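Everything below concerns the one structure shown next.
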2 protein chains.
Amino acid sequence: MSIKKIPETTISRLFLYLRKVTELSKLSMKRVSSAELGESLHLGAAQVRKDLGYFGHFGVSGAGYVVQELKEKLSKILGKDKTFNVAIVGTGNLGTALLAYSGFKKQGLNLVAAFDTDVNKIGKQLQGVEIKAVSHMKDIIKEKKISLGIIAVPAKGAQDVADILTNAGVKCILNFAPRYLNVPEEVKVRNVDLSRELEILSYFLGNGKKVKL
Amino acid sequence: MSIKKIPETTISRLFLYLRKVTELSKLSMKRVSSAELGESLHLGAAQVRKDLGYFGHFGVSGAGYVVQELKEKLSKILGKDKTFNVAIVGTGNLGTALLAYSGFKKQGLNLVAAFDTDVNKIGKQLQGVEIKAVSHMKDIIKEKKISLGIIAVPAKGAQDVADILTNAGVKCILNFAPRYLNVPEEVKVRNVDLSRELEILSYFLGNGKKVKL
DNA sequence: GTATGTGAAGTAATTCACAGCT
DNA sequence: AGCTGTGAATTACTTCACATAC
């Protein structure tokens with residue numbers, strides 16, 4: 001293995017491999033081939049091998065991968081051994097659903113703060129977290145050492161929220177607002193744009209056969 | 001313009017152009033250049049022109065695009081003039097948030113049915129829609145001519161739901177369950193995997209400088 | 001002069017195909 | 001014999017650059 005840039009798509013697939021290999025390990029399976037790993041994820045064997053290859057030689061030629069070992073190495077690579085503090089900004093319907101989302105702890109993420117501008121919401125408890133005013137955000141983020149921020153506010157407020165977050169030292173943002181966020185280079189943003197997902201699907205509904213996706 | 005395969009990334013950007021051009025039209029702007037269009041979306045001028053070029057010659061050489069005209073053409077291309085009926089399956093936190101999501105109508109999507117397996121929920125009203133049993137799904141989907149299904153159930157039930165949906169004639173699926181769905185070739189699926197988004201971000205948190213994304 | 005439309009060049013990701021290890 | 005690891009080939013997308021139209 002040589003030093004190469006690792007595509008983000010590869011990182012994203014590694015989590016799928018980890019999920020799968022965790023299942024297999026529960027089923028007490030000892031070995032797994034690249035073809036088997038890719039199968040239910042509809043990925044080719046070559047793709048799986050190339051992805052894993054970025055991180056070293058995990059496999060046994062002629063015999064596939066040792067399930068337990070692969071699981072441990074992937075967990076390590078993917079930072080599943082670490083935990084991070086998370087804040088959510090915006091406690092509307094989507095924010096509330098996300099607060100209730102039990103997946104956080106599984107990802108090693110502790111939801112430690114929630115913010116809103118609505119005075120009727122401030123002070124209320126949600127999933128054991130007290131909703132605070134956005135005006136206190138900077139201090140609380142520093143104080144609680146929050147490194148990941150989730151933006152679930154309307155589009156027009158999103159950039160301001162992103163500015164405050166990055167100013168306070170947040171390194172990653174999951175953005176649900178339907179707009180592009182300008183952030184400093186070292187900050188990583190991922191966007192989930194529900195409107196756009198729906199729009200894209202409705203495009204395919206309208207265009208049926210015309211476009212081969 | 002010749003007949004070419006249109007990348008899905010292009011389709012997805014067209015919606016961004018439409019949003020922007022709609023804003024500009026509200027501001028009574030008459031013309032817009034490809035550079036201006038791309039600017040706040042952090043897309044290059046060439047990218048914008050290439051995307052629009054897939055669908056014909058909309059622009060005026062030397063003068064950019066006529067805002068109103070571009071808006072109308074994009075609306076047409078993207079099927080914004082049509083409406084579709086939508087069903088949601090799973091009325092947990094996420095499903096409820098989506099039901100409440102006001103973006104639907106804007107996309108020309110009418111949420112006309114909601115399904116759950118929980119007997120305590122069945123019969124209740126949510127956002128003016130009565131929650132029905134999953135066992136009645138097939139008939140209701142046909143009867144109400146539902147063409148888009150949203151899956152917001154846990155991973156283990158998701159494939160079964162997808163089977164019922166596609167069997168009943170649903171053509172597009174927005175899947176929030178963290179697993180790959182096997183569907184007939186003509187059915188279009190888009191996946192929103194919140195766990196994975198969080199995982200990917202936490203990978204970047206853990207690996208700070210090491211990986212240039 | 002200015003900005004489009006588009007081949008050509010460049011970059012990135014996927015898939016192929018096979019040498020080499022067990 | 002079987003399956004990995006990886007360069008080479010392919011495919012997909014983006015960016016460049018310029019002839020063309022207004």
Side-chain angles (χ1 to χ4, degrees), chain A residues 1-17 20-21 24 29-39 41-71 73-74 77 180 200 211-213, chain B residues 1-17 20-21 24 29-39 41-71 73-74 77 180 200 211-213:
Chain A
M1 156 194 127
S2 57
I3 299 158
K4 284 204 198 114
K5 205 186 55 225
I6 298 161
E8 191 161 344
T9 49
T10 289
I11 303 296
S12 134
R13 283 189 297 267
L14 290 179
F15 287 100
L16 298 177
Y17 305 148
K20 177 107 179 217
V21 95
L24 295 178
M29 201 165 289
K30 289 274 169 293
R31 299 265 173 106
V32 64
S33 70
S34 55
E36 288 170 313
L37 258 179
E39 197 182 0
L41 308 168
H42 85 130
L43 297 167
Q47 179 80 81
V48 174
R49 291 201 301 277
K50 181 136 287 197
D51 285 340
L52 296 176
Y54 282 112
F55 296 91
H57 304 222
F58 304 164
V60 184
S61 287
Y65 300 85
V66 176
V67 171
Q68 192 56 30
E69 194 187 311
L70 186 55
K71 184 183 151 200
K73 294 222 167 134
L74 283 174
I77 291 166
Y180 177 76
I200 293 167
V211 179
K212 172 71 185 158
L213 117 94
Chain B
M1 159 192 122
S2 59
I3 299 158
K4 285 208 198 109
K5 204 185 58 229
I6 297 160
E8 192 161 344
T9 49
T10 288
I11 303 296
S12 132
R13 282 190 297 267
L14 290 179
F15 288 99
L16 299 177
Y17 306 147
K20 177 107 181 218
V21 94
L24 295 178
M29 201 165 289
K30 289 275 168 293
R31 299 263 173 108
V32 64
S33 69
S34 54
E36 288 170 313
L37 258 180
E39 196 182 0
L41 308 168
H42 83 133
L43 297 168
Q47 179 79 81
V48 174
R49 291 201 302 276
K50 181 136 285 197
D51 285 340
L52 296 175
Y54 283 112
F55 298 91
H57 304 223
F58 302 167
V60 184
S61 288
Y65 301 85
V66 176
V67 171
Q68 192 56 33
E69 194 186 312
L70 185 55
K71 184 184 151 199
K73 294 222 168 134
L74 284 174
I77 291 165
Y180 177 75
I200 293 166
V211 180
K212 173 69 187 160
L213 112 94

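When reading the values below, keep in mind they use all heavy atoms of this one structure, side chains included, and skip hydrogens, waters and symmetry mates. Here is the naming used below: chain letters follow the sequence lines, and residue numbers restart at 1 for every chain. What you see is a predicted model; the values in this text were computed from it and never measured.
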According to a strict under-4.0 Å criterion, is A/R49 in side-chain N/O contact with OP1 or OP2 of D/dT4?
yes
From CD of A/E39 across to C1' of D/dC3 the rounded distance in Å is 16 Å
What pair of heavy atoms forms the shortest contact from B/S12 to A/I200, and how long is it?
CB-CD1, 3.6 Å
Decide yes or no on side chain to side chain contact (heavy atoms under 4.5 Å, CB included) for A/Y65 and A/V21, but give the supporting numbers first.
CA-CA 10 Å; A/Y65 300 85; A/V21 95; over 6 Å; no
Is it the case that the side chain of A/K71 and the backbone of A/L24 share a donor-acceptor pair, with hydrogens and angles ignored and the cut-off at 3.5 Å?
no
Between the main-chain N or O of B/E36 and the side-chain N or O of B/K20, is there a donor-acceptor pair closer than 3.5 Å?
yes
Under 3.5 Å, which protein N or O atoms sit close to an N or O of nucleotides 13-15 of chain D? Give each pair with its distance.
from   : atom 1 : to    : atom 2 : distance (Å)
D/dT14 : OP1    : B/R13 : NH1    : 2.9
D/dT14 : OP2    : B/R13 : NH2    : 2.8
D/dT14 : O5'    : B/Q47 : OE1    : 3.4
D/dT15 : O4     : B/K50 : NZ     : 3.4

Expressed as a whole number of angstroms, how long is the span from A/H42:NE2 to C/dT14:C1'?
13 Å
Verify the contact: side-chain N or O of B/Y65 to OP1 or OP2 of D/dC22, cut-off strictly under 4.0 Å; return yes or no.
no
Separation of A/F58 atom CZ from D/dT6 atom C1', in whole Å?
15 Å
All N/O contacts under 3.5 Å from nucleotides 19-22 of chain C to the protein, with atom names and distances to one decimal?
from   : atom 1 : to    : atom 2 : distance (Å)
C/dT22 : O4'    : A/S61 : O      : 3.2

I need the NZ-C1' distance between A/K73 and D/dT4, as an integer number of Å.
14 Å
B/Y54 vs B/L14, test: side chain to side chain contact (heavy atoms under 4.5 Å, CB included). Steps then yes/no.
CA-CA 11 Å; B/Y54 283 112; B/L14 290 179; over 6 Å; no
Do B/R31 and B/V66 pass the side chain to side chain contact (heavy atoms under 4.5 Å, CB included) test, and can you show the C-alpha distance, the side-chain angles, and the key distance before you say yes or no?
CA-CA 5 Å; B/R31 299 263 173 108; B/V66 176; 3.8 Å; yes
Are the side chain of A/Q47 and the backbone of A/G44 linked by a donor-acceptor contact shorter than 3.5 Å?
no
Using 0.5 Å steps for rounding, measure from the CG atom of B/L70 to the OH atom of B/Y17.
10.5 Å
Which whole-number value in Å describes the distance from A/L70 CG to D/dC3 P?
16 Å
Specify the separation, in whole Å, of atom CD of A/E36 and atom C1' of D/dC3.
11 Å
With rounding to the nearest 0.5 angstrom, report the OG to CD distance, A/S33 to A/E39.
8.5 Å
So, does B/H57 get its side chain near the phosphate of D/dA21, meaning an N or O under 4.0 Å from OP1 or OP2?
no
Using whole Å, what does the distance between atom C1' of nucleotide D/dT4 and atom CD of A/E69 come to?
14 Å
